[in-house]
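Just below is one structure, and these are the notes that go with it.
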Amino acid sequence: MINFFFEDVIINIKQEELSLWIHRVLVSENKKEGELSFIFCTDEYLLEMNQKFLNHNTYTDIISFDNSIGNEVHGDIFISIERVKENAIVYDVSLDEELKRVLIHGVLHLCGYKDKTDDEVEVMRQKEDEKLLMFHVEH
């Protein structure tokens with residue numbers, strides 16, 4: 001089950017469309033959908049989490065906590081809407097496009113993809129692009 005929560009932010013998203021897409025992405029990675037929670041929040045909220053749980057004193061757009069069991073994907077994905085809005089401006093893309101990229105970035109982390117090395121970042125970007133193309137694909 002895919003859940004969406006909002007902590008001190010308001011953003012209009014199409015939850016059903018996003019849920020169907022995320023489900024298709026998981027299937028394409030040979031994963032089973034477990035309990036996934038997306039928590040949209042402020043920069044300060046995510047900064048506090050970054051400090052508390054990861055000992056990082058930096059702003060970020062996303063933090064994912066993987067609770068997967070075997071092939072079944074479970075986890076909590078926290079997304080700073082402020083950071084996503086800023087990144088959309090920096091990368092000259094729509095807010096909607098940047099939000100989808102960040103959402104699927106978190107899902108890919110839960111599927112086992114990393115982004116610490118240059119090679120991992122390259123694979124992550126390729127996977128993001130591939131999965132973004134799946135958004136409007138009907139099955």
Side-chain angles (χ1 to χ4, degrees):
M1 168 169 262
I2 298 172
N3 302 295
F4 298 94
F5 301 98
F6 305 87
E7 290 290 334
D8 298 324
V9 296
I10 298 171
I11 185 163
N12 187 19
I13 61 170
K14 296 179 180 174
Q15 294 183 26
E16 190 173 323
E17 265 187 13
L18 290 171
S19 294
L20 290 170
W21 172 51
I22 292 164
H23 177 79
R24 288 195 307 268
V25 166
L26 291 170
V27 169
S28 76
E29 290 292 323
N30 298 311
K31 301 290 184 181
K32 293 180 183 173
E33 180 184 315
E35 187 81 20
L36 292 174
S37 294
F38 292 88
I39 303 93
F40 300 101
C41 58
T42 64
D43 270 350
E44 291 305 317
Y45 186 98
L46 203 52
L47 177 61
E48 284 181 33
M49 294 201 63
N50 212 6
Q51 293 167 333
K52 183 176 180 179
F53 295 105
L54 302 175
N55 291 323
H56 297 158
N57 193 25
T58 57
Y59 289 100
T60 186
D61 52 359
I62 185 170
I63 296 176
S64 55
F65 295 95
D66 190 354
N67 301 313
S68 297
I69 303 166
N71 216 32
E72 194 170 86
V73 177
H74 297 267
D76 299 317
I77 297 173
F78 292 82
I79 297 172
S80 166
I81 293 304
E82 292 167 284
R83 197 74 10 229
V84 170
K85 286 178 180 177
E86 186 175 298
N87 287 346
I89 293 167
V90 168
Y91 297 118
D92 194 28
V93 297
S94 71
L95 174 59
D96 185 59
E97 184 178 340
E98 184 62 16
L99 183 59
K100 285 180 196 154
R101 182 173 296 277
V102 172
L103 278 166
I104 218 58
H105 181 89
V107 171
L108 289 168
H109 272 306
L110 299 184
C111 287
Y113 293 95
K114 309 287 184 217
D115 59 1
K116 296 296 182 201
T117 69
D118 288 344
D119 288 343
E120 290 172 344
V121 168
E122 185 177 336
V123 170
M124 179 67 88
R125 292 296 167 260
Q126 289 171 351
K127 283 290 181 178
E128 288 172 5
D129 291 342
E130 171 189 314
K131 303 313 180 188
L132 284 166
L133 290 173
M134 293 175 62
F135 184 74
H136 290 292
V137 174
E138 297 298 324
H139 288 267

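Just so you know, residue 1 is the first one in the sequence shown, and it goes up from there.
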**OP:** Could you please spell out the steps behind the side chain to side chain donor-acceptor pair (under 3.5 Å) verdict for D119 and T117?
**Re:** CA-CA 5 Å; D119 288 343; T117 69; 5.4 Å; no

Original post:
Could you walk me through whether Y113 and E29 pass the side chain to side chain donor-acceptor pair (under 3.5 Å) check?
Top reply: CA-CA 11 Å; Y113 293 95; E29 290 292 323; 2.7 Å; yes

**OP:** Would you check, one step at a time, whether the test salt bridge (Lys or Arg N to Asp or Glu O under 4.0 Å) holds for E86 with R83?
**Re:** CA-CA 5 Å; E86 186 175 298; R83 197 74 10 229; 2.9 Å; yes

Subject >> Candidate pair K114 and E120, rule salt bridge (Lys or Arg N to Asp or Glu O under 4.0 Å), full reasoning >> reply: CA-CA 6 Å; K114 309 287 184 217; E120 290 172 344; over 6 Å; no

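Within the 4.5 Å cutoff, no side-chain heavy atoms of L54 are placed close to those of T60.
Remark: S28 engages K131 in a side-chain hydrogen bond (donor to acceptor under 3.5 Å, both in side chains) (not counting sequence neighbours). Under the rule for a salt bridge (charged side-chain N to carboxylate O under 4.0 Å, His left out), E98 has no partner lying at least two apart in sequence or in another chain. Qualifying ring-ring contact (aromatic ring centres under 6.0 Å, His included) partners for H74, counting only residues two or more places apart in sequence or in other chains: none. Judged as a side-chain hydrogen bond (donor to acceptor under 3.5 Å, both in side chains), and not counting sequence neighbours, the contacts of N57 are Q51. The side-chain hydrogen bond (donor to acceptor under 3.5 Å, both in side chains) test applied to E122 returns no partner, not counting sequence neighbours.
Annotation: the span from D115 atom CG to H105 atom NE2 amounts to 4.0 Å, rounded to 0.5 Å. Going from atom CD1 of I13 over to atom OG of S19 covers 8.0 Å, rounded to the nearest 0.5 Å. The CG atom of D76 sits 6.0 Å away from the CG atom of N67 when rounded to the nearest 0.5 Å.
Sorted by first then second residue, the ring-ring contact (aromatic ring centres under 6.0 Å, His included) pairs that include residues 17-46, not counting sequence neighbours, are F4-F38, F6-F40, W21-F135.
Between the side chains of S94 and D96, no donor N or O sits under 3.5 Å from an acceptor N or O.
The main-chain N or O of S80 is never found under 3.5 Å from a side-chain atom of D43 such that the two would form a donor-acceptor pair.
Checked for salt-bridge contact, K100 and E97 miss the test: no charged N lies under 4.0 Å from a carboxylate O.
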